[in-house]
Each structure stands twice: as C-alpha cells, then as structure tokens.
Asker: 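This is the structure I have questions about; it appears just below.
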Amino acid sequence: MPLIEVTDLRKRYGNRVAVDGVSFSVERGEIFGILGTNGAGKTTTVECIEGLRQADAGELSVLGLNPATDRAALTRRVGVQLQESRLPAKLRVREALELFASFYPDPADVDLLLERLDLRDHARSYFGKLSGGQKQRVSIALALVGNPELAILDELTTGLDPHARRDTWKLVEAVRDAGVTVLLVTHFMDEAERLCDRVAIFDAGRVVATGTPAELRATAGESTLDDAFVSLTRSAR
Ligand SMILES: Nc1ncnc2c1ncn2[C@@H]1O[C@H](COP(=O)(O)OP(=O)(O)OP(=O)(O)O)[C@@H](O)[C@H]1O
C-alpha cells in the first residue's frame, strides 16, 4: 500500500479552483517531489495531506490514516518543515529542538541533529538572530526531530548557499536511506533531478505528469528537467 495516496482531490477558495482533481501516490522509502507553476495548488494539496486544510472532495490516505479525521495520530508520525516566521525570535536553537522533541514518543538525539545540520555552534543562539540559511537548517532539524516516518519539506534549500544546499541534499538522502519517506515541494529543477526518485508536476490545479526525472525528460523529449518542466506545463495550458 502506498504511504500517501491522493485520489481526485478538489479544493476551491470561493470561486477560485485551487486543486482540480489531483491524484498521485507516494511509495514508502522514496523521495517524491512536487514541482509546479506558481499558484498550481501545491501548497493547498500538501496542507490537505498534513491535515491543515479540508478538501472539498476526493480521497486521502497518509500512513493508512485520514488526515482530516486522524490529524493527532498523524502529527506524531509526520515531520513538517515550518516556515521560519512561525518560530519565536527569543527561542534558542537547542530550546526549540528540545521543545519539539518533547512532543514525540521517540525523538531523535538533539545533539546529533545539531551536529548533522552544522548547528552546534549556534545551539545557544536566539532563533531571531540567525542568518536565513541557519534558520532554514533549524526548520529542517525541527522536521526531523520526531524521527518521523514521513518528512514533508517545503522550499527545502531556499536561501541556502551552494555548499549548504549540497550538504542539505546529502542529509535528505541519508534520511531517506534510513527509511524515512520524503515529500519535497520545490521550485528547483536541479534539486528535483538530484534528489527525487519520482516527481509530480502540477499546473493550474492538476497533475500534468508523474514519473522519474529521466522519464519526464524522455516524455517531453528534452535534455534537462528544466526544459521538460516548461514544455509539459506549457502544453497543458
Ligand atoms: N487561503 C486562500 N484563500 C484564497 N485563495 C487561495 C488561498 N490559498 C491559496 N489560494 C489560491 O489557490 C491557488 C493555489 O494556491 P497554492 O498556494 O496552493 O499554490 P502553489 O502551487 O503552492 O503556489 P506557489 O508555487 O506560488 O507557492 C492560487 O490561485 C492561490 O491564489
């Protein structure tokens, strides 16, 4: 059984159709990428998967649970990368990690996580005083602190320099290799090509293509995922 199964998901905001019959599934142990044009419905879909939003119609199964009704059970097994602004400025990095660790039955080792995300020297720093890249790394650490079965990472490497991006990719691969399934929302084609086992491309509330990066390049007859993305989303308009 897939770890995430989305079937004909639909969501409107007033008259605006945000998600218009989206279906895809994510297998256990893969890094699955969600790519898409701006306003394509990616965030809305992911928020339904997280149980933060109610869909208007469609079926959703995440770890065998229904996010709309089993959110509490799901929250203990899913790690979500928060947007940086959602953490208080006066919280220190280690305090934030320890606080989040306390919410989970079997949390990760906070020191190990600080080490792996190169945050050890900032453990006592206030979150509000960190650079954009450091805040980003804290948000990734918080997504992993509960030892989740599924990690949902949104804009994983936005604001990171090229060294930090590569380190983060290696970390995500190590997380996947340890058995965690990763759902990754990204606008970066190089990131998707390097990291994702499979991706779904969203455009205007629909999934226009699903497959491995190589399959999508072949389907579009393009040599790069960037060109394949442009071609697949243009032809869907
Ligand atoms: N709370 C809301 N109220 C009204 N409309 C919304 C709301 N959230 C999103 N929308 C609209 O729904 C559509 C899909 O938005 P969504 O944020 O899911 O797209 P996205 O693919 O994540 O976009 P982006 O890549 O630009 O972040 C857009 O047209 C957006 O303007």
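Because only heavy atoms are used, hydrogens play no part in the values below, and waters and symmetry mates are left out as well, while side chains stay in. As the structure lists them, so they are numbered: ligands from 1, and atoms in each ligand from 1. We number each residue from 1, following the sequence as shown.
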Asker: Can you name the closest pair of heavy atoms from Arg165 and Glu191 and give their distance?
Answerer: NH2-OE1, 3.7 Å

Asker: Got Ile140 and Leu117 here, is their nearest side-chain heavy-atom distance under 4.5 Å?
Answerer: yes

Asker: Under a 3.5 Å threshold, I'd like every N/O contact between ligand 1 and protein atoms, with atom names and distance.
Answerer:
unit_1   : atom_1 : unit_2 : atom_2 : d
ligand 1 : 18 (O) : Thr44  : N      : 2.9
ligand 1 : 18 (O) : Thr44  : OG1    : 2.6
ligand 1 : 19 (O) : Gly41  : N      : 3.2
ligand 1 : 21 (O) : Ala40  : N      : 3.0
ligand 1 : 21 (O) : Gly41  : N      : 3.0
ligand 1 : 21 (O) : Lys42  : N      : 2.9
ligand 1 : 21 (O) : Lys42  : NZ     : 2.8
ligand 1 : 22 (O) : Thr43  : N      : 2.9
ligand 1 : 22 (O) : Thr43  : OG1    : 2.6
ligand 1 : 23 (O) : Gly39  : N      : 2.8
ligand 1 : 25 (O) : Asn38  : ND2    : 3.4
ligand 1 : 25 (O) : Lys42  : NZ     : 2.7
ligand 1 : 25 (O) : His187 : NE2    : 3.1
ligand 1 : 26 (O) : Asn38  : ND2    : 3.1
ligand 1 : 26 (O) : Gly39  : N      : 3.1
ligand 1 : 29 (O) : Arg16  : NH1    : 3.3

Asker: Do you know which two heavy atoms are closest between Val180 and Ala151, and how far apart they sit?
Answerer: CG1-N, 3.9 Å

Asker: Using a 4.5 Å cut-off on heavy atoms from C-beta on, say whether the side chain of Glu59 contacts that of Glu5.
Answerer: no

Asker: Compare all side-chain heavy atoms of Thr157 with those of Gln136 and state whether any distance is below 4.5 angstrom.
Answerer: no

Asker: When you compare the side chains of Arg77 and Tyr104, does any donor N or O come within less than 3.5 Å of an acceptor on the partner?
Answerer: no

